[in-house]
Number of protein chains: 2
Amino acid sequence: MDELIKKINSIYPLKPDSLKLLLDEMHKIGLPKNKVLVEAGQIGRSAYFIKQGIARAYCEGKDNQITFWFGLEGDFVFSYNSYINRQPGYESIELLENSILYEIKDEALQRLFLENIDLANWGRKLAELELIKLEERYISRLFKSASECYAELLKNSPNLIQRIQLGYIASYLGVTQVTLSRIRAEIK
Amino acid sequence: MDELIKKINSIYPLKPDSLKLLLDEMHKIGLPKNKVLVEAGQIGRSAYFIKQGIARAYCEGKDNQITFWFGLEGDFVFSYNSYINRQPGYESIELLENSILYEIKDEALQRLFLENIDLANWGRKLAELELIKLEERYISRLFKSASECYAELLKNSPNLIQRIQLGYIASYLGVTQVTLSRIRAEIK
DNA sequence: TTCATTTTTTAACATTTGTAAAAAAATGGC
DNA sequence: GCCATTTTTTTACAAATGTTAAAAAATGAA
């Protein structure tokens with residue numbers, strides 16, 4: 001539970017009382033590989049913190065899936081779309097490994113935000129930090145070729161490439177698996 | 001001021017008292033075309049609401065600029081990066097037309113968030129909504145060809161294409177201006 | 001209007017990426 | 001270890017996009 005507390009406070013330092021309110025709503029669960037945490041078309045009812053494992057968010061295309069996010073140890077997982085809009089989302093999220101998570105019901109989280117200003121600001125900061133992470137990723141893709149994006153990934157998250165199959169990574173980078181193979185062949 | 005109040009309440013409905021606190025900190029200003037609201041490398045000290053005009057956010061590349069966001073009437077403008085991290089940002093934001101804005105000092109906004117839970121939740125909701133807007137844009141780009149992205153832009157924001165020069169729009173779509181010209185030629 | 005400047009389009013060729021199919025390599029259950 | 005299945009790489013060709021340069025069109029100031 002220690003890494004969870006560290007992560008929570010790194011987003012926005014909470015007073016001990018506020019932290020306790022939040023922790024009291026979070027429950028540890030183990031879930032198997034391939035478990036779907038959030039299903040497109042359904043409302044996501046929980047958010048998760050990844051203690052151990054990998055998650056993958058994707059959308060269904062005409063004849064393929066588009067992977068647009070990976071979550072690793074220390075990340076929060078939630079369907080932004082359905083978490084924020086309270087509407088069925090377009091994205092699914094599944095586990096790529098047997099995982100250990102802390103779950104919090106969306107309902108509880110929303111209630112805490114309305115009751116406690118410390119937690120409301122924590123929730124604000126969480127969204128803001130996710131926003132700039134996504135913006136950096138968005139801009140990075142406008143700037144860089146697929147090859148450069150792969151090199152960056154290799155540098156910043158080498159374990160990600162070892163633990164996730166390349167088809168998903170290709171999709172994440174916005175290229176086909178054939179192109180990713182070519183890129184990898186060139187680098188060697 | 002009416003459209004400003006409408007916009008604020010559409011993000012998250014505020015109690016009249018909270019709304020007043022926020023409005024008291026916002027001041028109407030007129031600024032000319034080409035005015036740089038936020039300069040890369042500096043800390044953005046204000047956020048803005050666009051009453052009239054257009055803004056464009058961009059980064060400097062090696063030998064070009066990458067445009068990654070446009071703001072129109074009814075949008076909020078702020079350098080996420082420097083607004084959130086309180087650090088010099090990588091992005092610049094400039095006006096593409098003579099504009100009328102409402103300005104709020106970052107300092108005042110941060111203070112309000114810490115003092116008033118209603119406004120803290122408003123700020124949370126603002127970040128969350130920006131987050132899903134960006135996510136939708138991000139996913140859309142993974143799915144669609146440049147041609148489809150342009151068609152979508154033409155459908156959803158036709159005035160954007162009339163008011164903004166095509167070089168910026170090409171960059172926003174992630175293609176060269178030559179490619180955008182070809183796409184436009186095909187559609188006709 | 002006229003002229004200089006900026007913006008947009010077009011053309012020709014090079015490079016990158018996609019598609020489809022097959023081969024090679026890795027994985028997992030028995 | 002063996003075999004079926006899945007994943008990754010390779011190949012050949014097609015399509016899309018980039019690069020450079022020039023032409024055409026639009027814009028704005030005198």
Side-chain angles (χ1 to χ4, degrees), chain A residues 32-35 53-54 56 58-59 61-68 70 94-98 140-154 157-188, chain B residues 32-35 53-54 56 58-59 61-68 70 94-98 140-154 157-188:
Chain A
K33 180 171 174 175
N34 294 326
K35 168 77 183 176
I54 301 192
R56 160 186 172 253
Y58 61 96
C59 294
K62 287 164 228 159
D63 40 22
N64 58 349
Q65 294 181 339
I66 310 277
T67 296
F68 60 89
F70 295 116
E94 67 171 12
L95 296 177
L96 299 183
E97 295 178 355
N98 297 331
S140 175
R141 288 215 29 178
L142 282 175
F143 263 100
K144 289 173 186 151
S145 66
S147 175
E148 287 170 311
C149 286
Y150 177 76
E152 195 178 66
L153 201 63
L154 201 59
S157 319
N159 53 338
L160 208 138
I161 286 167
Q162 304 200 330
R163 289 164 72 185
I164 298 176
Q165 66 187 60
L166 293 175
Y168 295 156
I169 290 174
S171 169
Y172 177 79
L173 294 174
V175 297
T176 61
Q177 187 167 347
V178 175
T179 297
L180 181 55
S181 266
R182 277 193 280 239
I183 288 167
R184 284 161 57 88
E186 270 170 29
I187 285 177
K188 275 173 207 158
Chain B
K33 181 173 172 173
N34 295 325
K35 169 76 183 179
I54 301 191
R56 160 187 172 251
Y58 62 95
C59 293
K62 288 164 227 158
D63 40 23
N64 58 349
Q65 293 180 339
I66 309 276
T67 296
F68 61 89
F70 294 116
E94 67 170 12
L95 296 176
L96 298 183
E97 295 178 356
N98 297 330
S140 174
R141 287 215 30 177
L142 281 175
F143 262 100
K144 288 173 188 154
S145 65
S147 177
E148 288 171 310
C149 286
Y150 177 75
E152 194 179 67
L153 200 64
L154 201 58
S157 320
N159 54 338
L160 207 139
I161 288 167
Q162 304 201 329
R163 289 163 72 186
I164 298 175
Q165 67 187 60
L166 293 176
Y168 294 156
I169 289 174
S171 169
Y172 177 79
L173 294 174
V175 296
T176 61
Q177 187 166 349
V178 175
T179 297
L180 181 55
S181 265
R182 277 193 281 239
I183 288 168
R184 286 161 58 86
E186 270 169 30
I187 285 177
K188 274 174 208 158

> If you look only at pairs with a residue in residues 159-174 of chain B, which of them pass as a salt bridge (charged side-chain N to carboxylate O under 4.0 Å, His left out), with sequence neighbours excluded?
Replying inline: B/Glu73-B/Arg163, B/Glu97-B/Arg163
> Should B/Tyr150 and B/Ile183 count as side-chain neighbours, where that means a heavy-atom distance under 4.5 Å?
Replying inline: yes
> What is the distance from CZ of B/Arg184 to C1' of D/dA16, rounded to the nearest Å?
Replying inline: 19 Å
> Taking atom P of D/dT11 as reference, at what distance in whole Å does atom CD of A/Glu186 sit?
Replying inline: 13 Å
> How far apart are the C-alpha atoms of A/Tyr172 and A/Arg56, what are their side-chain angles, what is the distance that settles it, and do they pass the side chain to side chain donor-acceptor pair (under 3.5 Å) test?
Replying inline: CA-CA 10 Å; A/Tyr172 177 79; A/Arg56 160 186 172 253; over 6 Å; no
> Looking only at heavy atoms, which two atoms of A/Ser140 and A/Cys149 are closest? And how far apart?
Replying inline: O-SG, 4.5 Å
>> Could you tell me how far apart B/Asn34 (CG) and D/dT27 (C1') are, to the nearest whole angstrom?
In response: 14 Å
> In whole Å, what is the span from the CG atom of B/Asn64 to the C1' atom of D/dG18?
Replying inline: 12 Å
> Which residues satisfy the side chain to side chain donor-acceptor pair (under 3.5 Å) test with B/Ser171, sequence neighbours excluded?
Replying inline: none
>> Please report the distance, rounded to the nearest Å, between OH in A/Tyr168 and P in D/dT7.
In response: 7 Å
> To 10°, what angle do the rotation axes through the five end pairs on each side of the helix from C/dT1-D/dA30 to C/dC30-D/dG1 form?
Replying inline: 60°
>> In this structure, how many angstroms lie between the P atom of D/dA16 and the OH atom of B/Tyr150, rounded?
In response: 18 Å
> Does A/Glu94 pair with A/Lys35 as a salt bridge, N-O distance under 4.0 Å?
Replying inline: no
>> To check you understand the geometry: which heavy-atom pair defines the closest contact between B/Val175 and B/Ala146, and what is its length?
In response: CG1-CB, 3.4 Å
> Is there a donor-acceptor pair under 3.5 Å between the side chain of B/Glu148 and the backbone N or O of B/Ser145?
Replying inline: yes
> Listed by chain and number, what are the side chain to side chain donor-acceptor pair (under 3.5 Å) partners of A/Gln177, not counting sequence neighbours?
Replying inline: none
>> Could you tell me how far apart B/Arg141 (CZ) and D/dT17 (P) are, to the nearest whole angstrom?
In response: 11 Å
>> With side-chain contact (heavy atoms from CB on, under 4.5 Å) as the criterion, how do A/Leu173 and A/Arg141 come out once you've worked through the C-alpha distance, each side chain's angles and the decisive distance to 0.1 Å?
In response: CA-CA 8 Å; A/Leu173 294 174; A/Arg141 288 215 29 178; 5.9 Å; no
Each nucleotide N or O in nucleotides 22-30 of chain C that has a protein N or O under 3.5 Å away: list the pair and distance.
none

> Are any side-chain N or O atoms of A/Asn98 and backbone N or O atoms of A/Pro32, one a donor and one an acceptor, separated by less than 3.5 Å?
Replying inline: no
Can you name the atoms? Protein N/O to nucleotides 15-20 of chain C N/O, anything below 3.5 Å, with the distance.
from	atom 1	to	atom 2	distance (Å)
C/dG18	OP2	A/Thr176	N	3.2
C/dG18	OP2	A/Thr176	OG1	3.1
C/dG18	OP2	A/Thr179	OG1	2.3
C/dG18	N7	A/Arg182	NH2	2.7
C/dG18	O6	A/Arg182	NH1	3.2

> Which whole-number value in Å describes the distance from B/Leu166 CG to D/dT27 C1'?
Replying inline: 14 Å
